[in-house]
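In what follows, chains are A, B, ... by sequence order, proteins preceding strands, each numbered from 1.
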Amino acid sequence: MNIFLFIKDIIFTAVKNELSENNLPNDFSLKNISVEPPRDKNFGDISTNAAMILAKHLKENPKSISKKLIERIPKCDEIISINIAGPGFINFHINNSVWFSIMNDVLSQGLSYGSNESGAGKLINIEYVSANPTGPLHVGHARGGVFGDALANLLSKSGYNVTKEYYINDAGSQVYSLGRAVYFRYLEELGLKDSKDFEQAIKSGQIEYGGDYVKDIATSLVENYNDKWVSENEEDWLEPITDFAINKMIFLIKEDLDLLGIRHDIFISEKKIVQDGKVNKAVENLEQLNLLYNGILTPPKGKVIEDWEPREQLLFRSSNFGDDVDRPIRKSDGSWTYFASDIAYHQDKIDRGFKEMINVWGADHSGYVKRIKSSVTALSSSQANLDVKLCQLVKLFDEGKPIKMSKRTGTFITLRELVDSVGKDVVRFIMLTRKNDVSLDFDFTKVLEKSRDNPVFYVQYAFARIQSVFRHAQKELPDDFISDKNLKKGDFKNCILEEELDIMKLISSWPRIIELATNSHEPHRIVFYLYELASAFHILWNKGNENAELRFLNKDNLNISLSRLALIKCVSITLASGLEILDVTPVEEMR
RNA sequence: GCGCCCGUAGCUCAACUGGAUAGAGCACCUGACUACGGAUCAGGAGGUUAGGAGUUCGAAUCUUCUCGGGCGCGCCA
């Protein structure tokens with residue numbers, strides 16, 4: 001059972017009855033009523049602000065409303081006592097048998113414990129990473145990637161039908177820059193240019209991309225085509241070589257993502273969106289909605305733009321939907337802007353049936369959020385909802401000293417280097433130790449430290465300790481003692497320490513944490529919860545150091561041992577359930 | 001100039017989306033170890049939530065202004 005939902009139901013029923021039986025205005029939303037553990041556990045196990053919310057609505061004293069509501073709450077075994085505190089909170093003390101019964105649920109549900117069906121199978125699209133295929137993934141992509149991936153897992157856990165998507169920006173001018181860079185390296189590879197020519201070309205801006213990966217692509221180009229393109233004109237080689245380079249880059253990007261356990265369901269090509277005429281179609285839609293016009297934008301104040309000249313452009317009325325100004329969708333040469341194909345892309349998502357969409361972007365795209373949300377609102381007649389999650393910068397450190405990153409000097413840490421040096425699990429966990437919209441410090445030394453200061457270690461260590469206890473139990477206790485079947489016979493009535501009850505209550509709140517994290521699209525909450533649960537476990541563990549009778553294993557009292565083993569089994573299940581959302585492997589043993 | 005994000009203990013960050021006495025870790029004091037059952041744990045100290053005004057039973061959270069930091073601002077994506 002989910003005790004919070006149980007109490008919530010009781011409270012909502014009481015509120016509705018109070019309103020209807022007294023012919024009080026019932027145009028009242030229940031959604032502001034909270035049902036949550038109080039800040040201070042001395043107040044009780046579950047608390048509600050229902051009376052205070054009603055007080056505003058009914059213009060009546062909250063405490064007297066509390067009394068009336070309490071009278072409407074039926075007597076039941078789950079609730080030991082109810083009292084009113086503070087300005088009108090109603091606090092419930094819950095019977096310990098409830099926590100015991102939840103622990104039994106955990107044992108039988110295993111890793112699926114915490115799942116819920118609030119998503120009700122609804123389609124949801126989450127687009128993340130979507131890095132330009134013109135270079136290797138770097139640290140920032142790692143954060144967005146892990147964030148999106150964990151959020152996708154979280155949404156699945158809550159019963160959504162999730163599609164994980166990568167949008168390939170393969171249609172703009174910069175992909176041709178990549179094509180040209182590859183061609184230059186291709187000539188170099190064939191001995192027709194040398195490194196001096198290359199330096200010169202970079203300096204003059206003739207070539208934009210100078211990384212070694214461009215060389216690799218050129219090598220592979222030679223392997224496939226020999227000198228086929230050498231004497232061709234640019235108009236002949238540019239398209240095929242660019243396509244070749246993009247395909248190669250996408251392959252490399254997929255490899256990199258795979259290192260982090262990130263696997264998208266679908267890759268959508270911008271070029272294909274354009275070729276399929278979807279931009280034209282989306283533009284027609286906007287035209288029919290009377291949301292396009294030809295106009296001239298005023299230059300931004302306080303910012304000097306050289307060679308600014310007023311120019312008439314086709315504009316989208318995004319300001320109708322909360323954007324600051326209307327936005328251009330056609331360039332002066334007649335081709336579509338990036339925004340136009342992005343509109344078409346989102347139209348495509350809507351056409352595929354998505355009413356819920358999430359985009360994960362780097363924070364440098366913040367200026368773009370309002371316009372794309374405007375377009376989604378417009379194209380779906382407000383039926384679809386897009387949430388844009390912006391991930392802030394990752395700052396790299398080593399032993400507390402900042403690592404300076406610069407494309408020019410070549411000190412540029414890629415996703416691959418990151419994973420190679422600390423491992424997938426560490427990267428994934430650490431990337432989620434901060435809320436998405438604040439910058440994150442990543443210290444190569446610190447994340448491998450074995451101390452409480454390192455949350456990955458601290459959580460993993462809790463899990464490993466539990467496994468260690470079970471290994472000992474396996475050796476020292478009767479056969480089959482720790483089998484799932486036998487653990488279910490454990491009587492939690494033997495667990496009466498305050499620390500034990502605290503753990504049970506914490507475990508019982510796991511489904512609630514998932515619900516909160518899901519609704520707010522904030523996977524970092526899972527990490528903070530796991531840290532808290534690990535901490536509660538380490539506390540309990542240390543009780544056994546102070547007093548040997550409190551150890552989990554006690555050969556002289558198998559009955560109590562069984563109960564305690566069942567309890568820590570619940571801890572390990574919940575830890576594993578959380579780590580599963582993060583896609584971090586729980587470790588059996590610390591080395 | 002405008003928009004978005006951020007500002008919480010000395011440091012790094014939470015705070016259940018408006019709830020009760022704002023919580024953790026690091027660092028700093030005090031205490032507990034023959035070791036996969038001490039890589040931890042117990043306790044102490046540390047706050048005008050950048051600042052002012054407002055909204056209400058109640059604000060770190062909402063509104064507004066000021067200060068400070070980051071990102072962005074028509075033919076790049």
Looking at E127(A) and K349(A), is there a salt bridge between them, counting it only when a charged N and a carboxylate O are closer than 4.0 Å?
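Between E127(A) and K349(A) there is a salt bridge, with a charged N closer than 4.0 Å to a carboxylate O.
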
For K271(A), is there an ion pair with D243(A) - N to carboxylate O distance below 4.0 angstrom?
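A salt bridge is present here (some side-chain N lies under 4.0 Å from a carboxylate O).
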
Parallel, tilted or perpendicular: rings of F537(A) and W541(A) (30°, 60°):
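Rings of W541(A) and F537(A): perpendicular, as their planes differ by over 60°.
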
In terms of ring plane angle, is the pair Y166(A) and F267(A) parallel, tilted or perpendicular, where the classes change at 30° and 60°?
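Because their plane-to-plane angle is under 30°, the rings of Y166(A) and F267(A) count as parallel.
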
Will you find, in the side chains of [X] and [Y], an N or O donor that is under 3.5 Å from an N or O acceptor?
X	Y	result
H521(A)	D387(A)	yes
S318(A)	S374(A)	no
E60(A)	S64(A)	yes
Y345(A)	E165(A)	yes
N116(A)	S118(A)	yes
Y458(A)	D453(A)	no
D398(A)	T445(A)	yes
Q392(A)	S439(A)	no
R465(A)	Y461(A)	yes
Y209(A)	Q174(A)	no

With a non-hydrogen cut-off below 4.0 angstrom, is [X] in contact with a base, only sugar-phosphate, or nothing?
X	result
F528(A)	sugar-phosphate
G544(A)	base
E449(A)	nothing
D364(A)	sugar-phosphate
E60(A)	nothing
E309(A)	base
F339(A)	nothing
L553(A)	base
R525(A)	base
P455(A)	nothing

Keeping [X] on the side-chain end and [Y] on the backbone end, is there a donor-acceptor pair under 3.5 Å?
X	Y	result
H524(A)	M431(A)	no
S468(A)	A464(A)	no
D323(A)	K370(A)	no

Give the nucleotide from the list U40(B), G37(B), C71(B) with an atom nearest to the side chain of S366(A).
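Out of U40(B), G37(B), C71(B), the nucleotide with an atom closest to S366(A)'s side chain is C71(B).
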
Return whichever of L550(A) or N169(A) has its heavy-atom-nearest nucleotide of RNA chain B closer to the 5' end.
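By nearest-heavy-atom nucleotide position, the 5'-most residue is L550(A).
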
Nearest-nucleotide wise, let me know which of S451(A) and A171(A) is further upstream toward the 5' end of RNA chain B.
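The answer here is S451(A).
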
Over how many whole Å does the gap from [X] atom [atom1] to [N] atom [atom2] extend?
X	N	atom1	atom2	answer
L54(A)	G19(B)	CG	P	17 Å
L393(A)	G69(B)	CG	P	17 Å
L530(A)	G25(B)	CG	P	17 Å
N359(A)	C4(B)	CG	P	19 Å
Y529(A)	A24(B)	OH	P	17 Å
H472(A)	C36(B)	NE2	C1'	6 Å
Y461(A)	G38(B)	OH	C1'	7 Å
N547(A)	G37(B)	CG	P	18 Å

Does the aromatic ring of Y368(A) sit over the six-membered base ring of G72(B), closer than 5.5 Å centre to centre and tilted less than 30°?
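No; centroid distance or tilt outside limits.
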
Answer yes or no for this row: Y531(A) ring on A24(B) base, centroids under 5.5 Å, planes under 30°.
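No; by the centre-distance and plane-angle rule, Y531(A) does not count as stacking on A24(B).
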
Report yes if a donor N or O on one partner sits less than 3.5 Å from an acceptor N or O on the other, where the partners are the side chain of S47(A) and the base of A20(B); otherwise report no.
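Answer is yes: a donor-acceptor pair is held.
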
Would the base of A77(B) count as contacting D170(A) through its side chain, where contact means a donor and an acceptor less than 3.5 Å apart?
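In this structure, the two groups form no donor-acceptor pair.
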
Quick one: which protein N/O atoms are closer than 3.5 Å to N/O atoms of nucleotides 43-48 of chain B? Pair and distance per line, please.
none

Contact list for RNA chain B against residues 317-329 of chain A - heavy-atom distance below 4.0 Å
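Contacts with RNA chain B under 4.0 Å: D324(A), P328(A).
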
Specify the residues of residues 430-442 of chain A, ordered by number, for which at least one heavy atom lies under 4.0 angstrom from an atom of RNA chain B.
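RNA chain B contact set from residues 430-442 of chain A: R434(A), K435(A), D437(A), V438(A), S439(A), D441(A).
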
At a cut-off of 3.5 Å, list every protein nitrogen or oxygen paired with a nitrogen or oxygen from nucleotides 31-34 of chain B, distance to 0.1 Å.
none

Distance between the [atom1] atoms of [N] and [M], in whole angstroms?
N	M	atom1	answer
C57(B)	G51(B)	C1'	26 Å
A27(B)	C67(B)	C1'	29 Å
U30(B)	A35(B)	P	25 Å

Does NZ or CZ of R327(A) lie under 6.0 Å from the centre of the six-membered ring of F316(A), at an angle within 45° of the ring axis?
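No, a cation-pi geometry is absent between R327(A) and F316(A).
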
G70(B), OP1 or OP2 - any side-chain N/O from H365(A) closer than 4.0 Å?
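No, H365(A) has no side-chain N/O under 4.0 Å of OP1/OP2 on G70(B).
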
Are R452(A) and G25(B) close enough that a side-chain N or O sits under 4.0 Å from OP1 or OP2?
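Looking at the OP1 and OP2 atoms of G25(B), one of them is under 4.0 Å from a side-chain N or O of R452(A).
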
Minimum side-chain heavy-atom gap [X]-[Y] below 4.5 Å:
X	Y	value
N61(A)	I65(A)	no
S319(A)	V325(A)	no
F429(A)	V447(A)	no

Listed pairs, N/O of protein and of nucleotides 57-63 of chain B, under 3.5 Å:
{"from": "G58(B)", "atom 1": "O6", "to": "K56(A)", "atom 2": "NZ", "distance (Å)": "3.2"}

So which protein nitrogen or oxygen atoms get under 3.5 Å of nucleotides 27-30 of chain B's nitrogens or oxygens?
none

Tell me whether K389(A) at atom NZ has more than 12 heavy atoms from other residues, nucleotides or ligands lying less than 6.0 Å away.
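Counting neighbours around NZ of K389(A), more than 12 heavy atoms of other residues, nucleotides or ligands fall under 6.0 Å, so yes.
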
